[in-house]
J.: 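Starting off with a structure, shown below.
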2 protein chains.
Amino acid sequence: MARPKDETKIDAIFEATLKLVQKSGFNGLKMADVAKAAGMATGTLYIYFKNKDVLINELFLSLKQSKTSRMMAGYDAADSFADTFRKLWFNYLELSLAEPERMLFIEQFAHTSFLTKKTKQQGDQMLEPLIAFLEQGMQKKIIRKMPMDLLLSQLMGPIYETIKAQQSKKLVLTPAQKQGMFEMAWRSVAF
Amino acid sequence: MARPKDETKIDAIFEATLKLVQKSGFNGLKMADVAKAAGMATGTLYIYFKNKDVLINELFLSLKQSKTSRMMAGYDAADSFADTFRKLWFNYLELSLAEPERMLFIEQFAHTSFLTKKTKQQGDQMLEPLIAFLEQGMQKKIIRKMPMDLLLSQLMGPIYETIKAQQSKKLVLTPAQKQGMFEMAWRSVAF
DNA sequence: AACTAAAATGAATATATATTCATTTATATT
DNA sequence: AATATAAATGAATATATATTCATTTTAGTT
(Lines give C-alpha, C1' and ligand atoms only; values in the text may rest on other atoms or scores of the structure.)
Protein backbone atom coordinates (compact mmCIF):
# COMPACT_ATOMS: atom_id res chain seq x y z
CA MET A 1 0.00 0.00 0.00
CA ALA A 2 2.41 2.59 1.14
CA ARG A 3 5.52 3.09 3.15
CA PRO A 4 5.80 0.38 5.82
CA LYS A 5 6.81 0.86 9.45
CA ASP A 6 10.45 0.26 10.12
CA GLU A 7 10.22 -2.30 12.90
CA THR A 8 13.87 -1.95 13.79
CA LYS A 9 12.99 1.47 15.11
CA ILE A 10 11.24 -0.08 18.07
CA ASP A 11 14.47 -1.64 19.20
CA ALA A 12 16.32 1.61 18.67
CA ILE A 13 13.75 3.41 20.79
CA PHE A 14 13.93 0.78 23.52
CA GLU A 15 17.70 0.89 23.62
CA ALA A 16 17.77 4.66 23.76
CA THR A 17 15.18 4.73 26.52
CA LEU A 18 17.04 2.17 28.56
CA LYS A 19 20.28 4.06 28.24
CA LEU A 20 18.72 7.35 29.24
CA VAL A 21 16.78 5.93 32.17
CA GLN A 22 19.97 4.36 33.41
CA LYS A 23 21.72 7.70 33.24
CA SER A 24 19.13 9.95 34.78
CA GLY A 25 16.24 7.87 35.98
CA PHE A 26 12.60 7.86 35.05
CA ASN A 27 12.34 11.45 36.14
CA GLY A 28 14.87 12.82 33.75
CA LEU A 29 13.59 10.90 30.76
CA LYS A 30 12.68 13.31 27.97
CA MET A 31 11.02 12.28 24.76
CA ALA A 32 13.19 14.67 22.78
CA ASP A 33 16.28 13.00 24.20
CA VAL A 34 14.99 9.53 23.43
CA ALA A 35 14.36 10.54 19.84
CA LYS A 36 17.79 12.05 19.47
CA ALA A 37 19.54 9.03 21.00
CA ALA A 38 17.51 6.73 18.79
CA GLY A 39 18.39 8.76 15.72
CA MET A 40 14.96 9.98 14.70
CA ALA A 41 12.62 12.93 15.06
CA THR A 42 10.53 13.43 18.16
CA GLY A 43 7.30 12.99 16.27
CA THR A 44 8.37 9.58 15.04
CA LEU A 45 8.21 8.21 18.55
CA TYR A 46 4.50 8.84 18.50
CA ILE A 47 4.05 6.69 15.42
CA TYR A 48 5.34 3.69 17.32
CA PHE A 49 4.05 4.49 20.79
CA LYS A 50 0.94 6.42 21.68
CA ASN A 51 2.76 8.38 24.37
CA LYS A 52 5.55 8.25 26.90
CA ASP A 53 3.65 6.08 29.37
CA VAL A 54 2.88 3.48 26.76
CA LEU A 55 6.48 3.46 25.61
CA ILE A 56 7.81 2.81 29.09
CA ASN A 57 5.20 0.20 29.93
CA GLU A 58 5.92 -1.71 26.74
CA LEU A 59 9.63 -1.58 27.34
CA PHE A 60 9.02 -2.95 30.81
CA LEU A 61 7.03 -5.88 29.48
CA SER A 62 9.59 -6.62 26.81
CA LEU A 63 12.40 -6.65 29.34
CA LYS A 64 10.49 -8.72 31.81
CA GLN A 65 9.57 -11.27 29.17
CA SER A 66 13.16 -11.61 28.07
CA LYS A 67 14.42 -11.82 31.63
CA THR A 68 11.93 -14.50 32.56
CA SER A 69 12.56 -16.72 29.61
CA ARG A 70 16.31 -16.47 30.06
CA MET A 71 15.99 -17.37 33.71
CA MET A 72 13.99 -20.47 32.83
CA ALA A 73 16.45 -21.46 30.09
CA GLY A 74 17.42 -25.12 30.34
CA TYR A 75 14.56 -25.93 32.67
CA ASP A 76 13.85 -29.63 32.55
CA ALA A 77 11.09 -31.12 34.66
CA ALA A 78 13.03 -34.39 34.69
CA ASP A 79 15.93 -32.93 36.67
CA SER A 80 15.99 -33.03 40.45
CA PHE A 81 14.59 -30.09 42.36
CA ALA A 82 17.97 -29.17 43.80
CA ASP A 83 19.68 -29.21 40.41
CA THR A 84 16.98 -27.11 38.83
CA PHE A 85 17.00 -24.71 41.72
CA ARG A 86 20.73 -24.25 41.32
CA LYS A 87 20.43 -23.78 37.58
CA LEU A 88 17.68 -21.19 37.78
CA TRP A 89 19.35 -19.34 40.60
CA PHE A 90 22.61 -19.04 38.71
CA ASN A 91 20.79 -18.10 35.52
CA TYR A 92 19.18 -15.30 37.44
CA LEU A 93 22.36 -14.14 39.10
CA GLU A 94 24.39 -14.10 35.90
CA LEU A 95 21.62 -12.37 34.04
CA SER A 96 21.48 -9.74 36.75
CA LEU A 97 25.20 -9.19 36.86
CA ALA A 98 25.52 -9.05 33.09
CA GLU A 99 22.68 -6.62 32.53
CA PRO A 100 22.07 -4.74 35.73
CA GLU A 101 20.47 -1.78 33.93
CA ARG A 102 17.80 -4.02 32.49
CA MET A 103 17.13 -5.70 35.81
CA LEU A 104 17.02 -2.44 37.68
CA PHE A 105 14.73 -0.91 35.10
CA ILE A 106 12.29 -3.73 35.76
CA GLU A 107 12.68 -3.64 39.51
CA GLN A 108 12.47 0.11 39.84
CA PHE A 109 9.72 0.62 37.34
CA ALA A 110 7.58 -1.86 39.20
CA HIS A 111 7.30 0.74 41.93
CA THR A 112 6.63 3.93 39.99
CA SER A 113 3.36 5.54 39.12
CA PHE A 114 4.02 4.86 35.44
CA LEU A 115 3.18 1.19 35.89
CA THR A 116 -0.41 0.56 34.84
CA LYS A 117 -2.64 -2.08 36.36
CA LYS A 118 -2.65 -4.01 33.13
CA THR A 119 1.09 -4.01 32.77
CA LYS A 120 1.51 -5.13 36.35
CA GLN A 121 -0.87 -8.01 35.82
CA GLN A 122 0.84 -9.06 32.60
CA GLY A 123 4.20 -8.90 34.31
CA ASP A 124 3.07 -11.02 37.24
CA GLN A 125 1.76 -13.64 34.89
CA MET A 126 5.21 -14.19 33.47
CA LEU A 127 6.45 -15.44 36.82
CA GLU A 128 4.00 -18.28 36.94
CA PRO A 129 6.31 -21.08 35.77
CA LEU A 130 8.81 -20.13 38.45
CA ILE A 131 6.12 -20.01 41.07
CA ALA A 132 4.84 -23.44 40.11
CA PHE A 133 8.34 -24.82 40.41
CA LEU A 134 8.86 -23.38 43.87
CA GLU A 135 5.45 -24.58 45.08
CA GLN A 136 6.55 -28.06 44.15
CA GLY A 137 9.66 -27.76 46.26
CA MET A 138 7.57 -26.78 49.25
CA GLN A 139 5.15 -29.63 48.71
CA LYS A 140 8.01 -32.10 48.55
CA LYS A 141 9.42 -30.59 51.73
CA ILE A 142 12.70 -29.77 50.04
CA ILE A 143 12.34 -26.13 50.90
CA ARG A 144 10.59 -24.61 53.89
CA LYS A 145 6.92 -23.91 53.60
CA MET A 146 6.04 -20.23 53.54
CA PRO A 147 3.92 -17.74 51.59
CA MET A 148 5.19 -17.44 48.02
CA ASP A 149 5.78 -13.71 48.42
CA LEU A 150 8.16 -14.31 51.29
CA LEU A 151 10.01 -16.98 49.40
CA LEU A 152 10.44 -14.77 46.36
CA SER A 153 11.56 -11.90 48.54
CA GLN A 154 14.11 -14.09 50.24
CA LEU A 155 15.53 -15.29 46.94
CA MET A 156 15.35 -12.17 44.78
CA GLY A 157 16.03 -9.54 47.42
CA PRO A 158 19.73 -10.24 47.91
CA ILE A 159 20.33 -10.34 44.17
CA TYR A 160 18.62 -7.02 43.56
CA GLU A 161 20.52 -5.40 46.37
CA THR A 162 23.75 -6.83 45.11
CA ILE A 163 23.40 -5.37 41.66
CA LYS A 164 22.46 -2.04 43.15
CA ALA A 165 25.68 -2.14 45.14
CA GLN A 166 27.54 -3.26 42.04
CA GLN A 167 26.25 -0.18 40.24
CA SER A 168 27.29 2.47 42.73
CA LYS A 169 30.54 1.00 43.97
CA LYS A 170 32.38 -1.09 41.43
CA LEU A 171 32.09 -4.39 43.19
CA VAL A 172 33.14 -7.33 41.00
CA LEU A 173 32.17 -10.80 42.16
CA THR A 174 34.60 -13.68 42.12
CA PRO A 175 33.33 -17.19 41.33
CA ALA A 176 33.82 -18.07 44.98
CA GLN A 177 31.66 -15.16 46.04
CA LYS A 178 28.93 -16.15 43.63
CA GLN A 179 29.09 -19.66 45.02
CA GLY A 180 28.89 -18.17 48.50
CA MET A 181 25.78 -16.23 47.57
CA PHE A 182 24.19 -19.36 46.23
CA GLU A 183 24.96 -21.24 49.42
CA MET A 184 23.39 -18.47 51.45
CA ALA A 185 20.28 -18.58 49.31
CA TRP A 186 20.02 -22.32 49.50
CA ARG A 187 20.70 -22.62 53.22
CA SER A 188 18.18 -19.95 53.97
CA VAL A 189 15.31 -21.67 52.22
CA ALA A 190 16.28 -25.37 52.48
CA PHE A 191 14.08 -27.45 54.73
CA MET B 1 14.51 40.47 66.14
CA ALA B 2 11.42 39.77 64.13
CA ARG B 3 8.98 37.06 63.31
CA PRO B 4 10.63 33.67 63.91
CA LYS B 5 10.41 30.65 61.65
CA ASP B 6 7.77 28.19 62.68
CA GLU B 7 9.86 25.06 62.98
CA THR B 8 6.82 22.83 63.17
CA LYS B 9 6.29 23.67 59.52
CA ILE B 10 9.25 21.54 58.57
CA ASP B 11 7.53 18.49 59.97
CA ALA B 12 4.31 19.40 58.23
CA ILE B 13 6.16 19.71 54.94
CA PHE B 14 7.96 16.41 55.46
CA GLU B 15 4.74 14.60 56.31
CA ALA B 16 2.94 16.04 53.32
CA THR B 17 5.80 15.15 51.00
CA LEU B 18 5.97 11.61 52.30
CA LYS B 19 2.26 11.13 51.87
CA LEU B 20 2.27 12.46 48.33
CA VAL B 21 5.32 10.51 47.25
CA GLN B 22 3.69 7.39 48.59
CA LYS B 23 0.60 8.09 46.55
CA SER B 24 2.12 9.07 43.24
CA GLY B 25 5.85 8.60 43.42
CA PHE B 26 8.68 11.04 43.02
CA ASN B 27 7.46 11.80 39.53
CA GLY B 28 4.08 13.05 40.49
CA LEU B 29 5.28 15.17 43.37
CA LYS B 30 4.22 18.78 42.87
CA MET B 31 5.29 21.63 45.09
CA ALA B 32 1.83 23.15 44.94
CA ASP B 33 0.37 19.90 46.22
CA VAL B 34 2.89 19.66 49.01
CA ALA B 35 2.05 23.17 50.13
CA LYS B 36 -1.66 22.48 50.06
CA ALA B 37 -1.32 19.23 51.98
CA ALA B 38 0.93 20.91 54.52
CA GLY B 39 -1.55 23.75 54.95
CA MET B 40 0.51 26.65 53.69
CA ALA B 41 1.18 28.71 50.60
CA THR B 42 3.49 27.50 47.87
CA GLY B 43 5.96 30.28 48.47
CA THR B 44 6.35 29.29 52.10
CA LEU B 45 8.01 26.05 51.07
CA TYR B 46 10.82 28.12 49.64
CA ILE B 47 11.46 29.80 52.97
CA TYR B 48 12.25 26.46 54.54
CA PHE B 49 13.85 24.72 51.58
CA LYS B 50 15.80 26.28 48.76
CA ASN B 51 14.01 24.16 46.17
CA LYS B 52 12.36 20.84 45.54
CA ASP B 53 15.60 18.90 45.30
CA VAL B 54 16.82 20.20 48.62
CA LEU B 55 13.50 19.41 50.23
CA ILE B 56 13.58 15.82 49.09
CA ASN B 57 17.23 15.31 49.94
CA GLU B 58 16.70 16.65 53.44
CA LEU B 59 13.67 14.51 53.98
CA PHE B 60 15.72 11.52 52.90
CA LEU B 61 18.45 12.29 55.42
CA SER B 62 15.96 12.87 58.18
CA LEU B 63 14.24 9.56 57.51
CA LYS B 64 17.49 7.67 57.21
CA GLN B 65 18.77 9.14 60.45
CA SER B 66 15.64 8.17 62.29
CA LYS B 67 15.61 4.72 60.77
CA THR B 68 19.21 4.08 61.67
CA SER B 69 18.96 5.19 65.25
CA ARG B 70 15.81 3.17 65.79
CA MET B 71 17.47 0.11 64.34
CA MET B 72 20.38 0.50 66.73
CA ALA B 73 18.07 1.07 69.70
CA GLY B 74 19.05 -1.06 72.66
CA TYR B 75 22.45 -1.84 71.22
CA ASP B 76 24.79 -2.91 74.01
CA ALA B 77 28.36 -3.84 73.24
CA ALA B 78 28.30 -6.11 76.28
CA ASP B 79 25.68 -8.44 74.80
CA SER B 80 26.66 -11.47 72.77
CA PHE B 81 26.96 -11.12 69.04
CA ALA B 82 24.06 -13.47 68.38
CA ASP B 83 21.76 -11.66 70.79
CA THR B 84 22.60 -8.29 69.33
CA PHE B 85 22.20 -9.57 65.81
CA ARG B 86 18.75 -10.84 66.67
CA LYS B 87 17.79 -7.61 68.34
CA LEU B 88 18.94 -5.40 65.48
CA TRP B 89 17.40 -7.63 62.88
CA PHE B 90 14.02 -7.59 64.57
CA ASN B 91 14.25 -3.86 65.15
CA TYR B 92 14.78 -3.46 61.45
CA LEU B 93 12.00 -5.78 60.44
CA GLU B 94 9.43 -4.24 62.76
CA LEU B 95 10.44 -0.77 61.73
CA SER B 96 10.02 -1.75 58.10
CA LEU B 97 6.66 -3.38 58.60
CA ALA B 98 5.34 -0.53 60.71
CA GLU B 99 6.43 2.24 58.37
CA PRO B 100 6.88 0.79 54.93
CA GLU B 101 6.35 4.17 53.22
CA ARG B 102 9.28 5.64 55.08
CA MET B 103 11.51 2.69 54.33
CA LEU B 104 10.55 2.61 50.69
CA PHE B 105 11.06 6.33 50.37
CA ILE B 106 14.63 5.82 51.53
CA GLU B 107 15.23 2.74 49.44
CA GLN B 108 13.71 4.13 46.27
CA PHE B 109 15.13 7.58 46.58
CA ALA B 110 18.59 6.13 46.89
CA HIS B 111 18.29 5.20 43.23
CA THR B 112 16.85 8.32 41.69
CA SER B 113 18.62 11.23 40.06
CA PHE B 114 17.44 13.48 42.87
CA LEU B 115 20.00 12.02 45.25
CA THR B 116 23.04 14.28 45.38
CA LYS B 117 26.58 13.05 45.99
CA LYS B 118 26.67 14.78 49.32
CA THR B 119 23.41 13.31 50.52
CA LYS B 120 24.54 9.87 49.48
CA GLN B 121 27.75 10.22 51.39
CA GLN B 122 25.98 11.50 54.49
CA GLY B 123 23.53 8.64 54.28
CA ASP B 124 26.23 6.02 53.96
CA GLN B 125 27.96 7.41 57.00
CA MET B 126 24.95 6.68 59.15
CA LEU B 127 25.38 2.98 58.55
CA GLU B 128 28.82 2.90 60.08
CA PRO B 129 27.91 1.59 63.54
CA LEU B 130 26.05 -1.30 61.93
CA ILE B 131 28.95 -2.03 59.64
CA ALA B 132 31.40 -2.05 62.53
CA PHE B 133 29.19 -4.50 64.37
CA LEU B 134 28.98 -6.86 61.41
CA GLU B 135 32.73 -6.68 60.76
CA GLN B 136 33.21 -7.89 64.31
CA GLY B 137 31.01 -10.87 63.69
CA MET B 138 33.08 -11.83 60.69
CA GLN B 139 36.32 -11.42 62.59
CA LYS B 140 35.07 -13.65 65.36
CA LYS B 141 33.99 -16.19 62.75
CA ILE B 142 30.42 -16.08 63.94
CA ILE B 143 29.21 -15.11 60.51
CA ARG B 144 30.74 -15.98 57.15
CA LYS B 145 33.43 -13.74 55.82
CA MET B 146 32.38 -11.79 52.74
CA PRO B 147 32.48 -8.24 51.35
CA MET B 148 30.34 -5.95 53.46
CA ASP B 149 28.17 -5.02 50.48
CA LEU B 150 27.22 -8.63 49.95
CA LEU B 151 26.43 -9.13 53.60
CA LEU B 152 24.23 -6.05 53.71
CA SER B 153 22.48 -7.12 50.51
CA GLN B 154 21.84 -10.54 51.95
CA LEU B 155 20.35 -9.12 55.13
CA MET B 156 18.45 -6.10 53.86
CA GLY B 157 17.31 -7.41 50.48
CA PRO B 158 14.67 -9.83 51.73
CA ILE B 159 13.23 -7.22 54.07
CA TYR B 160 12.92 -4.59 51.37
CA GLU B 161 11.30 -7.04 49.02
CA THR B 162 8.93 -8.17 51.71
CA ILE B 163 7.64 -4.71 52.41
CA LYS B 164 7.23 -4.08 48.72
CA ALA B 165 5.10 -7.20 48.53
CA GLN B 166 3.25 -6.10 51.65
CA GLN B 167 2.41 -2.84 49.92
CA SER B 168 0.94 -4.19 46.70
CA LYS B 169 -0.78 -7.29 48.01
CA LYS B 170 -1.97 -7.00 51.57
CA LEU B 171 0.28 -9.59 53.08
CA VAL B 172 0.21 -9.61 56.89
CA LEU B 173 2.96 -11.47 58.69
CA THR B 174 2.28 -13.75 61.62
CA PRO B 175 4.80 -13.94 64.46
CA ALA B 176 5.77 -17.40 63.23
CA GLN B 177 6.50 -16.01 59.78
CA LYS B 178 8.61 -13.25 61.20
CA GLN B 179 10.52 -15.82 63.20
CA GLY B 180 10.90 -17.84 60.02
CA MET B 181 12.34 -14.86 58.21
CA PHE B 182 14.80 -14.33 60.99
CA GLU B 183 15.89 -17.93 60.87
CA MET B 184 16.44 -17.65 57.14
CA ALA B 185 18.53 -14.55 57.61
CA TRP B 186 20.57 -16.10 60.37
CA ARG B 187 21.11 -19.43 58.66
CA SER B 188 22.17 -17.75 55.49
CA VAL B 189 24.95 -15.73 57.07
CA ALA B 190 25.96 -17.88 60.06
CA PHE B 191 29.39 -19.43 59.84
C1' DA C 1 6.65 7.10 -14.53
C1' DA C 2 3.02 8.73 -12.05
C1' DC C 3 0.31 7.94 -8.00
C1' DT C 4 -1.00 6.90 -3.27
C1' DA C 5 -0.79 6.38 1.45
C1' DA C 6 1.65 6.11 5.33
C1' DA C 7 6.09 7.22 7.65
C1' DA C 8 9.04 10.75 9.06
C1' DT C 9 10.11 15.40 10.27
C1' DG C 10 10.66 19.17 13.66
C1' DA C 11 8.87 23.64 14.55
C1' DA C 12 4.88 25.23 16.86
C1' DT C 13 1.57 24.51 20.53
C1' DA C 14 -0.22 23.24 24.75
C1' DT C 15 0.43 22.21 29.21
C1' DA C 16 2.26 21.48 33.48
C1' DT C 17 4.68 23.05 37.25
C1' DA C 18 8.87 25.04 39.69
C1' DT C 19 10.13 29.34 41.31
C1' DT C 20 9.89 34.34 42.13
C1' DC C 21 8.43 38.59 44.13
C1' DA C 22 5.52 42.53 45.39
C1' DT C 23 2.48 42.75 49.08
C1' DT C 24 0.53 41.56 53.49
C1' DT C 25 0.83 39.72 58.12
C1' DA C 26 2.85 38.52 62.49
C1' DT C 27 6.23 38.75 66.16
C1' DA C 28 9.98 40.49 68.76
C1' DT C 29 12.36 44.55 70.32
C1' DT C 30 12.58 49.42 71.70
C1' DA D 1 2.51 51.76 71.12
C1' DA D 2 5.56 52.22 67.43
C1' DT D 3 9.01 50.14 64.67
C1' DA D 4 11.71 46.84 62.39
C1' DT D 5 12.37 42.64 60.43
C1' DA D 6 11.39 38.43 58.67
C1' DA D 7 7.63 35.08 57.66
C1' DA D 8 3.81 34.13 54.85
C1' DT D 9 1.01 34.70 50.81
C1' DG D 10 -0.40 33.39 46.07
C1' DA D 11 -0.76 35.39 41.63
C1' DA D 12 2.43 36.10 37.99
C1' DT D 13 6.45 34.46 35.59
C1' DA D 14 9.63 31.48 33.71
C1' DT D 15 10.71 27.24 32.15
C1' DA D 16 10.61 22.74 30.77
C1' DT D 17 8.81 19.30 28.02
C1' DA D 18 5.00 16.22 26.14
C1' DT D 19 2.35 16.17 22.19
C1' DT D 20 0.47 17.79 17.78
C1' DC D 21 0.27 18.75 12.94
C1' DA D 22 1.26 20.88 8.45
C1' DT D 23 4.73 19.53 5.41
C1' DT D 24 8.09 16.54 3.26
C1' DT D 25 9.94 12.12 2.17
C1' DT D 26 9.74 7.37 1.04
C1' DA D 27 8.22 2.87 -0.46
C1' DG D 28 4.94 0.19 -2.50
C1' DT D 29 1.25 -0.10 -6.29
C1' DT D 30 -0.74 0.75 -10.81
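Each chain gets a letter, A, B and so on, in the order its sequence line appears, and its residues count up from 1.
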J.: Expressed as a whole number of angstroms, how long is the span from A/Lys50:NZ to D/dT19:P?
T.: 8 Å
J.: When you match A/Thr42 and B/Ile47 each to their closest nucleotide on DNA chain D, which lands nearer the 5' end?
T.: B/Ile47
J.: May I have the step-by-step check of salt bridge (charged side-chain N to carboxylate O under 4.0 Å, His left out) for A/Lys87 and A/Asp76, ending in yes or no?
T.: CA-CA 10 Å; A/Lys87 180 183 282 175; A/Asp76 184 341; over 6 Å; no
J.: Nearest nucleotide by nearest heavy atom, which residue falls closer to the 5' end of DNA chain C, B/Asp53 or B/Pro4?
T.: B/Asp53
J.: Touch check for B/Leu55, heavy atoms < 4.0 angstrom, all strands: base, sugar-phosphate only, or nothing?
T.: nothing
J.: What is the distance, to the nearest angstrom, from the NZ atom on A/Lys52 to the C1' atom on D/dT17?
T.: 8 Å
J.: Starting at atom CZ of A/Arg3, determine the distance to atom P of C/dA7, rounded to an integer number of angstrom.
T.: 9 Å
J.: Whole angstrom is fine here: how far is it from CE in B/Met31 over to C1' in D/dT13?
T.: 16 Å
J.: Run the numbers on B/Phe90 and B/Phe182 for ring pair (Phe, Tyr, Trp, His ring centres under 6.0 Å), then give the verdict.
T.: CA-CA 8 Å; B/Phe90 270 103; B/Phe182 172 73; 5.4 Å; yes
J.: Does a nitrogen or oxygen in the side chain of B/Thr44 sit under 4.0 Å from OP1 or OP2 of D/dT9?
T.: yes
J.: Would a line drawn from the ring center of A/Phe14 to the ring center of A/Phe105 be shorter than 6.0 Å?
T.: no
J.: Between atom CE in A/Met40 and atom P in C/dA6, what is the gap in whole Å?
T.: 20 Å
J.: By the 4.0 Å heavy-atom rule, please label B/Lys9 as base, sugar-phosphate, or nothing.
T.: sugar-phosphate
J.: Counting the atoms with a prime plus P, OP1 and OP2 as sugar-phosphate, which does A/Tyr48 contact under 4.0 Å by heavy atoms, base, sugar-phosphate, or nothing?
T.: sugar-phosphate
J.: For B/Lys5 and A/Gly43, find the nucleotide of DNA chain D closest to each by heavy atoms; which residue's nucleotide sits nearer the 5' end?
T.: B/Lys5
J.: Can you tell me how far the CD1 atom of B/Ile56 sits from the OG1 atom of B/Thr116, to the nearest 0.5 Å?
T.: 11.5 Å
J.: Take atom NZ of A/Lys30 and atom C1' of C/dG10, then tell me their distance rounded to the nearest Å.
T.: 18 Å
J.: Fit a plane to each ring of B/Trp186 and B/Phe85, take the angle between them on a 0 to 90° scale, and name the class: parallel (under 30°), tilted (30 to 60°) or perpendicular (over 60°).
T.: perpendicular
J.: What is the distance, to the nearest angstrom, from the OH atom on B/Tyr46 to the C1' atom on C/dT19?
T.: 5 Å
J.: In this structure, how many angstroms lie between the P atom of D/dA8 and the CD1 atom of B/Ile13, rounded?
T.: 9 Å
